[in-house]
There are 2 protein chains.
Amino acid sequence: MLKGAKLYCTEPRVSILQAMIKADRPLARNQMVKLLGKNHFDKVTIYRTLECFLDAGLVHKAFLQKRAWFFELAHHCSKIQCHPHFTCTKCGSTECLIGVSVPMIKGLKKGIVIYRQQTRLEGLCQKCNSVTN
Amino acid sequence: MLKGAKLYCTEPRVSILQAMIKADRPLARNQMVKLLGKNHFDKVTIYRTLECFLDAGLVHKAFLQKRAWFFELAHHCSKIQCHPHFTCTKCGSTECLIGVSVPMIKGLKKGIVIYRQQTRLEGLCQKCNSVTN
DNA sequence: ACAGATTTGCAACTAAGTTGCAAATCTTTT
DNA sequence: AAAAGATTTGCAACTTAGTTGCAAATCTGT
Ligand SMILES: [Zn+2]
Ligand SMILES: [Zn+2]
Ligand SMILES: [Zn+2]
Ligand SMILES: [Zn+2]
């Protein structure tokens with residue numbers, strides 16, 4: 001993947017990419033750090049690595065939560081639209097709604113060009129909902 | 001409005017609410033500070049004021065941009081869904097797409113309850129698009 | 001193994017938002 | 001109008017995500 005994207009193939013990049021592939025869900029930096037365990041990299045390195053993955057189109061910034069960006073591999077996404085993301089307001093977990101389709105928006109003013117459309121949902125997840133009563 | 005929401009009617013609250021009504025677009029704290037001009041309030045006060053407006057249902061957190069929340073009056077919004085927001089990736093401006101309708105998502109797993117659905121668009125605004133070539 | 005290009009890690013920084021607490025302000029009662 | 005009780009304000013100090021500059025380390029192609 002790295003070579004395909006013409007990126008230098010370095011240890012942090014390989015490890016971070018592996019972690020993201022293994023996790024297969026959106027991750028924020030501190031979650032990556034946990035997954036990387038003893039493979040410790042400076043936070044600057046992680047951010048810069050993610051940025052270069054972004055430029056190469058390998059990952060997307062999926063969403064911002066508690067002021068931290070969550071990144072996910074781009075391979076489940078179409079160019080103009082990722083799958084929707086659902087966040088539980090009670091437990092804070094976020095889930096990718098892969099396979100749920102969202103029509104592109106219509107009726108915009110002329111002159112605007114859309115690069116990307118994103119849908120976010122908030123509510124109660126199955127667990128929290130069943131506990132609620 | 002404040003009395004209707006059973007809130008203490010204080011100078012910061014009145015001024016901030018007036019600024020938001022006058023602006024009629026999503027504002028982040030530092031934009032409010034500019035609009036308030038010589039009416040200077042501590043940032044803590046502004047955040048706490050916005051939070052109490054939130055609790056009272058007067059405003060919504062519209063979106064997060066550059067790690068700052070933008071707040072807007074809730075009176076254009078339905079309970080489950082605000083209008084979509086469009087952000088220009090070139091100039092960074094964000095626009096409310098009032099009157100553009102978005103169907104609620106379907107086909108979710110059972111057990112999930114949706115409180116809120118949100119659509120975000122990214123692309124080029126009219127200005128930036130016409131300058132581009 | 002070398003040279004040139006790129007990436008890494010450190011330290012210092014920026015900026016949004018939060019917390020505790022005493023002083024100030026608001027509302028209601030007298 | 002003044003007092004009492006409840007709420008809000010502003011300050012200082014803090015937390016945390018993310019950024020910047022730069023020298024040292026690593027990677028690639030020869
Ligand atoms: Zn939950
Ligand atoms: Zn996702
Ligand atoms: Zn623009
Ligand atoms: Zn809006």
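These figures come from a predicted structure and were not determined experimentally. Chain A is the first sequence line, chain B the second, and so forth, proteins listed ahead of strands; every chain is numbered from 1. Computation of the quantities below employed the complete heavy-atom set of this structure, encompassing side-chain atoms and omitting hydrogens, waters and symmetry-equivalent molecules.
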Quick one: do the Tyr47(B) and Arg29(B) side chains pair a donor with an acceptor below 3.5 Å?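 The criterion, which ignores hydrogens and geometry beyond distance, is satisfied for Arg29(B) and Tyr47(B).
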Looking only at the side chains, is there a donor atom on one of Thr87(B) and Thr94(B) sitting less than 3.5 Å from an acceptor on the other?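 There is such a pair (donor and acceptor under 3.5 Å, judged by atom type) between the side chains of Thr87(B) and Thr94(B).
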Please report the interatomic distance CH2(Trp69(B)) to CG(Leu50(B)), rounded to the nearest 0.5 Å.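 The distance works out to 12.5 Å.
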Given DNA chain C, 5'-ward residue of the pair Asp42(A) and Lys3(B), judged by closest heavy atom: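 Upstream on the strand: Asp42(A).
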5'-most contact on DNA chain C: Trp69(B) or Leu7(B), nearest heavy atom basis?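 It is Trp69(B) whose nearest nucleotide is closer to the 5' end.
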Atom pair distance, as rounded to whole Å: [atom1] in [X] and [atom2] in [N]:
X: Phe53(B); N: dT8(D); atom1: CZ; atom2: P; value: 11 Å
X: Arg29(A); N: dT19(D); atom1: CZ; atom2: P; value: 11 Å
X: Lys61(A); N: dA17(D); atom1: NZ; atom2: P; value: 15 Å
X: Leu50(A); N: dT19(D); atom1: CG; atom2: C1'; value: 14 Å
X: Asp55(A); N: dT7(C); atom1: CG; atom2: P; value: 11 Å
X: Asn39(A); N: dT8(C); atom1: CG; atom2: P; value: 13 Å
X: Leu27(A); N: dA17(D); atom1: CG; atom2: P; value: 15 Å
X: Glu11(A); N: dT8(C); atom1: CD; atom2: C1'; value: 11 Å

Quick one: is [X] getting a side-chain N or O under 4.0 Å of the [N] phosphate, OP1 or OP2?
X: Asn30(B); N: dA15(C); answer: no
X: Tyr8(B); N: dT8(D); answer: no
X: Thr10(B); N: dT9(D); answer: yes
X: Arg67(A); N: dG17(C); answer: no
X: Thr49(B); N: dT8(D); answer: no

Checking side chain to side chain donor-acceptor pair (under 3.5 Å) against His60(B), which of Glu72(B), Arg116(B), Gln118(B) comes through?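 Among Glu72(B), Arg116(B), Gln118(B), the one meeting side chain to side chain donor-acceptor pair (under 3.5 Å) with His60(B) is Arg116(B).
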Between the base of dG9(C) and the side chain of Arg48(A), is there a donor and acceptor pair under 3.5 angstrom?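 By the distance-only test, yes, there is a pair.
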Polar side-chain contact Lys43(A)-dG9(C) base: donor and acceptor under 3.5 Å: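 Not at all, since no donor on one side and acceptor on the other fall under 3.5 Å apart.
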Using a strict 4.0 Å threshold on nitrogen-to-oxygen distance, state whether Lys109(A) and Glu95(B) make a salt bridge.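 Looking at Glu95(B) together with Lys109(A), the answer is yes, because their closest N to O distance falls below 4.0 Å.
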I want to verify a distance call: between dG18(D), dC11(D), dT9(D), whose nearest atom is closest to the Arg13(B) side chain?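 Nucleotide nearest to Arg13(B)'s side chain: dT9(D).
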Of the options dT19(C), dT9(D), dA16(C), whose atoms approach the side-chain atoms of Ala68(B) most closely?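 My answer, after comparing the listed nucleotides, is dA16(C).
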May I ask you to say what Cys52(A) touches in the nucleic acid, namely base, sugar-phosphate or nothing, with a heavy-atom cut-off under 4.0 Å?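 Here Cys52(A) touches no strand at all.
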